[in-house]
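To keep things clear, I will list the structure first and then write my remarks on it.
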2 protein chains.
Amino acid sequence: MTEPGTVRPGGRTARVRAAVLRAAEDALVEKGFDGLDLADVARRAEVGKTTVYRRWGTVAALLADLLTDMAEQSSPRAETGSLLGDLRANAGLVRRTLADPRQGALFKAVIIAAACDERAAAALRRFYRTRIAEWAPCVERAVAQGELPAGTDPHEVIKAVSAPLYYRFLASGDPLDEAAADLAARAAVAAARAGAYVRP
Amino acid sequence: MTEPGTVRPGGRTARVRAAVLRAAEDALVEKGFDGLDLADVARRAEVGKTTVYRRWGTVAALLADLLTDMAEQSSPRAETGSLLGDLRANAGLVRRTLADPRQGALFKAVIIAAACDERAAAALRRFYRTRIAEWAPCVERAVAQGELPAGTDPHEVIKAVSAPLYYRFLASGDPLDEAAADLAARAAVAAARAGAYVRP
DNA sequence: GCCTAAATGGAACTGGAGACCCGTTATGAC
DNA sequence: GTCATAACGGGTCTCCAGTTCCATTTAGGC
C-alpha cells in the first residue's frame, strides 16, 4: 500500500519536469525574464497549464528549480600546471558562458530571479558555492607550492576572478572579451601574491 | 505662440514626475521589481494612472528615468591623502549603499531593469561612468606620485573596487560587511601596484 | 489677462495571466 | 494483474494590469 504523502519522481513526472525546464530555457532566451509567463512555458512544453502552476507556481520558483538542475551538470576545471594558466582557463570559461547569447540570457534571468525571490537566491548561492569549490584546488596547489602566501583563502581568489566579469555583465556593460578575462585572471593572481586574500 | 512639439517641463509636470519617481522608489523597496506595477505607483503618487502609462509606459522605462535622476545627485569623493585610504572610502560608500535596505533594493531593481531593457541598460552605464569618473582622480594622483606604475588605467582600478562588492550583492550572497569593503580596496591596490591595470 | 496646446485625470473597456473544478491517466506497491 | 492515489490536463471563471476615450486643467507665449 502507498502511504499518504508519497512522492512519485518516476516516469511521466520526470519527463514533464525535463520538458518544462527545457521550455523555460527556450522562453527565457527568447523573451527574457520579464516577458516570461508560466502559461507560455506550458504551451511550449506541451504540458497542461495547470501542472506548471501547481508544481512551480511562480516564475522565480521555476528558475530556482532550473538552477538546481544546472548545478548538477559539473564543468570540469583545467589543469594547466600554473596558477595563472588555471585562473585564465577559469576566467575564459566564465567569460564565454556570460557572452554566449543563450547561456548569457539564462544567467541574467536566474540572477534576476535570485534578486526577486529568496528560494531562487538560495539556489543561486548553492550553485556558485559548488562551482567555486570545483576550482579552489588550483589555488590550494599554488599555496602548497609556495607560489601564494600561506593562509590564502582559495575561495576568495576564485571569486576575485569572476567578480569583474560579472560586474561587466550586469553593471558597467563593458565588453566581455578575452582581454577582460585575461585582466581578471592577472589581477586576481597579483592581489593573491601580494597577500590580499590571506585570512586574518 | 507655442510651436507644435514643444515640451513643458515646468510647474505641474515637474511635480508629477517627482511624485511618481518617489512613489516608484517606495513601491520598489516594499514589493521589489517583479511586484511593481504602474497602476500601484500612480495610486501612491496620487496621480492619474493614465499619466504614468503615457509618460513612462513600462516599469523598465520608469526605472531608467529614476536612474537618470539618481545620477544627477553626485556623491563627493573622499580625500584621505593615501590611495588605499581613498579606495577604502570608496569601497565603504559602495558597501553601505548596497547594504542599506532602501538603497540596496533600489539598486537591485535598477540593475534588473537594465538586464531586461536596453534603455535602462544605457541609463545604468551612464550612471556608473559618471560615478567612476568622479573617483578616478584618486588613482590619477597616485600614478602621478609614482605610487602606481605609469600607464595604469584609473577607471579600471575604481571598477576593481566595486566589482567584488557587486558580486557579493548579486551572485554569491556573501555578507556585505566592512571586512568585505576593506578586502576589495586592498586587493585593488595590490593588483594595481603589481601593474595589472597598466594599459597595453 | 487671454489663448492655445500640452499635459493631466476620471471612467469605462479589454485581454490574458493565474486560480479553480473535476474528470482522466499512469505510477508504484501488493 | 489489481488497486489506491499521486500527478496530469482540459475547460471555465475571475480579476486586474494596461489601453482607450474624452473632458478638464494649466504651462507658457503674446
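Below, chains carry the letters A, B, ... as their sequence lines are ordered, and counting in each starts from 1.
At whole-Å resolution of the value, CZ in Arg43(B) and P in dG9(C) are 15 Å apart. One atom, CG of Leu38(A), and another, C1' of dA19(C), lie 12 Å apart when rounded to the nearest Å. Between the CG atom of Asp40(B) and the C1' atom of dC16(D) there is a distance of 12 Å, rounded to whole Å. Taking atom CZ of residue Arg12(A) and atom P of nucleotide dT25(C), one finds them 10 Å apart after rounding to whole Å. The CG atom of Asp34(B) sits 11 Å away from the P atom of dG18(C) (whole-angstrom rounding). Distance Arg17(B) CZ to dA7(C) P: 14 Å, rounded to the nearest Å. Distance Lys49(B) NZ to dC13(C) P: 13 Å, rounded to the nearest Å. Arg15(A) places its CZ atom 12 Å from the C1' atom of dT25(C), with the value rounded to the nearest Å.
Relative orientation of the Tyr128(B) and Phe107(B) rings is tilted, given thresholds of 30° and 60° on the angle between their planes.
Between dG9(C) and Thr51(B), a contact under 4.0 Å exists linking OP1 or OP2 to a side-chain N or O. Listed pair Tyr53(B) / dT19(D) fails the phosphate criterion, with no side-chain N or O lying under 4.0 Å from OP1 or OP2. Between dC8(D) and Thr50(A), no contact under 4.0 Å exists linking OP1 or OP2 to a side-chain N or O.
A donor-acceptor pair is defined here as one N or O able to donate and one able to accept, closer than 3.5 Å; such a pair exists between the side chain of Thr97(B) and the backbone of Leu93(B).
Comparing Val47(A) and Ala39(B) by the nucleotide of DNA chain D that holds the closest heavy atom to each, the one mapping nearer the 5' end is Val47(A).
With dA17(C), dC20(C), dT8(C) as the choices, the nucleotide that has an atom nearest any side-chain atom of Arg54(B) turns out to be dT8(C).
Using a 4.0 Å heavy-atom cutoff across all strands shown, Arg55(A) reaches sugar-phosphate atoms only and no base atom.
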